[in-house]
Amino acid sequence: MLDTAELSKLLEQVDQPVAGASGLPNALYATPDALALERERIFKNGWACIGFGKDVPNPGDARPIDFLGMPLLLLRDPDGAIKVFENVCRHRGMILVEEPKNFGGVIRCPYHSWCYSLDGALRATPHVGGPGINRTETIDPTQTGLTEVSCGVFMDVVFVNVSGTAMPFETWIAPLRNRLSDFADQPLFAPTSHGSFTLDVQANWKLIMENNCESYHLPWVHPGLNSYSRLEDHYCFEAENFSGQGTLVYNPDLRFPNFEGLPSKWDMSAEYPSVYPNVFFSVHRDHFWAAHLDPKAHDRTVERVEIYYATEEAATSDHFAPLREKNAAQWKEILSEDIFVTQGMQKGRGAPGFDGGKFSPEMDSPTHAFHAWVARALAN
């Protein structure tokens, strides 16, 4: 059982300047109660990632999503806009969509055949007033549509705010949009092959975010990556809702067509912002990927990575297929190298004498920034 009074005291020690701060307490990694608290105060109250626009590429496409036990429906409407609804019929709460599917006209509930259009409006209620009577005064279709969830899309990553109380999406995403302004409005092309992979990690979601925030571990955990993107060439950055690290020298033996109009600084640079709470980005001159963290339990996280390219040729042509395969395999290898670290830290959270750890102000400031953000979110 999570002791919320004790947790509040410990969180005060986290939200301090990095040199004297403690890390998040063990209980936030080791108990189901902690994830339940985070579900309410972090994932419901703020903006969080649930998937990608590529999941619903065509008008009428719909994809069910289990968002920490909350059934959501990601769909693309007839005008091509992405929308998110609660994936339940307003009649008796039946799940509407069990598998990804394209709906040409309406979404029909399999229980009593209530039907909804792709804008969420209630369109049909067969026999609701008795056999052969399809309307009743007690049910107003204008007030009984699907419950819409606030959503926003940035670089094909879909975010939601379930509570509806967060700041407007464009306000919230503005710091990251400014940071990645050279890429934010570029066209992105999803590969026809070797464009995604998934890792099932037996560790708390926060440990994966923390690990991605910093480059301190590169020489020991990623010797291959460190050979062409050295620790010495990395730098840190922080903002209100993200932090991370970048490199001044990223030069693998892979070449795809570049994004258009990039400043020369990106010829050899790359950046890796971790966007709170559950997605991190990897931005390069010629490709981009994002990793969505889906907490399945307090000690298990599904990490889904989707890769995008700057041109349709790079993403779809046979010519670039071998390079796409090599690029995806390379990133999967790098992210897989982190698994023993995050799973090792998860086991370490069982040590009663561990107090959350300490931070190197020079190397760990992005990780501390994430910890402080979590502490503030949980204290509210």
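Hydrogens, waters and symmetry mates are skipped; everything else that's a heavy atom, side chains included, is used. Note that the structure is a prediction, hence the values are computed from the model and not measured.
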Exercise for the section: For Trp47 and Met167, work out which heavy atoms get closest and say how close. Expected result: NE1-O, 2.8 Å
Handout entry: Co-membership, hydrophobic cluster, residues Phe242 and Val153, 4.5 Å side-chain
Key = no
Problem - Residues Asp355, Ser22; criterion side-chain hydrogen bond (donor to acceptor under 3.5 Å, both in side chains); working and verdict - result: CA-CA 7 Å; Asp355 62 356; Ser22 296; 5.0 Å; no
Practice task
Provide the closest heavy-atom pair for Gln186 versus Glu260 in the form atom of the first, atom of the second, distance.
Solution key: NE2-O, 2.6 Å
Exercise for the section: May I ask you to say whether Arg304 pairs ionically with Asp55, meaning some side-chain N is under 4.0 Å from a carboxylate O? Expected result: yes
Exercise for the section: Check the pair Trp289, Tyr309 against side chain to side chain contact (heavy atoms under 4.5 Å, CB included), reporting the backbone distance first and the verdict last. Expected result: CA-CA 9 Å; Trp289 57 260; Tyr309 290 94; over 6 Å; no
Practice task
Indicate, with yes or no, if the rings of His371 and Phe359 have centres closer together than 6.0 Å.
Solution key: yes
Fill in the blank from the handout: NE2 of His319 to CG of Leu323, rounded to nearest 0.5 Å, is 7.0 Å
Practice task
Examine Leu24 and Tyr276 and state if one hydrophobic cluster contains both, with Ile, Leu, Val, Met, Phe, Trp and Tyr joined whenever side-chain heavy atoms are less than 4.5 Å apart.
Solution key: yes
Handout entry: Inter-residue atom distance Glu232.CD - Leu248.CG, 0.5 Å rounding
Key = 12.0 Å
Practice task
For residues Asn327 and His194, determine if any side-chain heavy atom of one lies less than 4.5 Å from a side-chain heavy atom of the other.
Solution key: no
Problem - Asn178 vs Pro175 side-chain heavy atoms within contact, under 4.5 Å - result: no
Exercise for the section: Let me see the working for Phe288 and Leu188 under side chain to side chain contact (heavy atoms under 4.5 Å, CB included), right down to the final yes or no. Expected result: CA-CA 8 Å; Phe288 154 79; Leu188 297 171; 4.2 Å; yes
Practice task
Show your reasoning for whether side chain to side chain contact (heavy atoms under 4.5 Å, CB included) applies to Phe154 and Leu176.
Solution key: CA-CA 9 Å; Phe154 177 71; Leu176 182 65; 3.6 Å; yes
Completion exercise
Rounded to the nearest 0.5 Å, the CZ atom of Arg108 sits from the SG atom of Cys115 at a distance of 6.5 Å
Problem - Lys206 NZ/CZ over Tyr29 ring centroid, <6.0 Å and within 45° of normal - result: yes
Exercise for the section: Would you indicate whether Tyr111, at its atom OH, is surrounded by more than 12 heavy atoms from other residues, nucleotides or ligands within a distance under 6.0 Å? Expected result: no
Handout entry: Gln330 vs Leu254 side-chain heavy atoms within contact, under 4.5 Å
Key = yes
Distance-only criterion, 3.5 Å: show the donor-acceptor pairs between side-chain atoms of residues 6-17 and protein atoms not counting sequence neighbours.
| residue | atom | partner | partner atom | Å |
| --- | --- | --- | --- | --- |
| Ser8 | OG | Thr4 | O | 3.0 |
| Asp15 | OD1 | Arg376 | NH1 | 3.0 |
| Gln16 | NE2 | Glu12 | O | 2.8 |

Exercise for the section: Over 60° means perpendicular and under 30° means parallel, so classify the ring planes of Phe43 and Trp205, tilted if in between. Expected result: perpendicular
Problem - Crowding at CD, Glu148 (>12 non-hydrogen neighbours, <6.0 Å) - result: yes
Exercise for the section: Decide side-chain hydrogen bond (donor to acceptor under 3.5 Å, both in side chains) for Asp200 and Thr198; before the verdict, give the C-alpha distance in whole Å, the side-chain angles of both, and the deciding distance to 0.1 Å. Expected result: CA-CA 7 Å; Asp200 198 328; Thr198 299; over 6 Å; no
Exercise for the section: Can you see which heavy atom on Thr301 is nearest to which on Ala203, and at what distance? Expected result: OG1-O, 2.8 Å
Practice task
For salt bridge (charged side-chain N to carboxylate O under 4.0 Å, His left out), just list the numbers for Lys54 and Asp156, CA-CA rounded to whole Å, side-chain angles, deciding distance to a tenth of an Å, and then say yes or no.
Solution key: CA-CA 7 Å; Lys54 66 182 291 186; Asp156 207 48; over 6 Å; no
Practice task
Please report the closest heavy-atom contact between Cys213 and Ser243, naming both atoms and the distance.
Solution key: SG-OG, 3.7 Å
Handout entry: Glu240 atom CD: more than 12 heavy-atom contacts under 6.0 Å
Key = no
Completion exercise
d(Leu199 CG, Glu303 CD) to nearest 0.5 Å is 5.0 Å
Problem - From CA spacing to verdict: side chain to side chain contact (heavy atoms under 4.5 Å, CB included), Phe85, Leu75 - result: CA-CA 8 Å; Phe85 297 96; Leu75 65 81; 3.9 Å; yes
Practice task
Mark yes when over 12 heavy atoms from residues, nucleotides or ligands other than Lys358 sit less than 6.0 Å from its NZ; otherwise mark no.
Solution key: yes
Handout entry: Flag for Asp33-Thr31: side-chain donor and acceptor within less than 3.5 Å
Key = no
Problem - Joint cluster assignment, Trp266 & Phe189, ILVMFWY side-chain distance < 4.5 Å - result: no
Handout entry: Common cluster, Val88/Leu68, ILVMFWY with side-chain heavy-atom separation under 4.5 Å
Key = no
Problem - Distance flag, aromatic centroids of His284 and Tyr250, threshold under 6.0 Å - result: yes
Under 3.5 Å, which donor-acceptor pairs link side chains of residues 116-124 to any protein atom two or more places apart or in another chain?
| residue | atom | partner | partner atom | Å |
| --- | --- | --- | --- | --- |
| Tyr116 | OH | Arg90 | N | 2.9 |
| Ser117 | OG | Asp119 | OD1 | 2.3 |
| Ser117 | OG | Arg123 | NE | 3.2 |
| Asp119 | OD1 | Ala121 | N | 3.0 |

Handout entry: Distance-only polar pair, side chains of Asn211 and Asp338, donor-acceptor under 3.5 Å
Key = yes
Exercise for the section: Determine, using the 4.5 Å side-chain heavy-atom cutoff (strictly less than), whether Trp331 and Val283 are members of one ILVMFWY cluster. Expected result: no
Exercise for the section: Give a yes or no on whether the ring-centroid distance for Phe280 and Tyr272 is below 6.0 angstrom. Expected result: no
Exercise for the section: On the 0 to 90° scale, with breaks at 30° and 60°, tag the Phe370-Trp373 ring pair as parallel, tilted or perpendicular. Expected result: parallel
Handout entry: Flag if over 12 foreign heavy atoms under 6.0 Å of NZ, Lys332
Key = no
Listed pairs under 3.5 Å, donor-acceptor, residues 57-66 side chains, sequence neighbours left out:
| residue | atom | partner | partner atom | Å |
| --- | --- | --- | --- | --- |
| Asp61 | OD1 | Asn102 | ND2 | 2.8 |
| Asp61 | OD2 | Asn58 | N | 2.8 |
| Asp66 | OD1 | Gly69 | N | 2.7 |

Exercise for the section: On the 0 to 90° scale, with breaks at 30° and 60°, tag the Trp172-Phe159 ring pair as parallel, tilted or perpendicular. Expected result: perpendicular
Problem - Arg324 side chain to Ser193 side chain, donor-acceptor N/O pair below 3.5 angstrom - result: yes
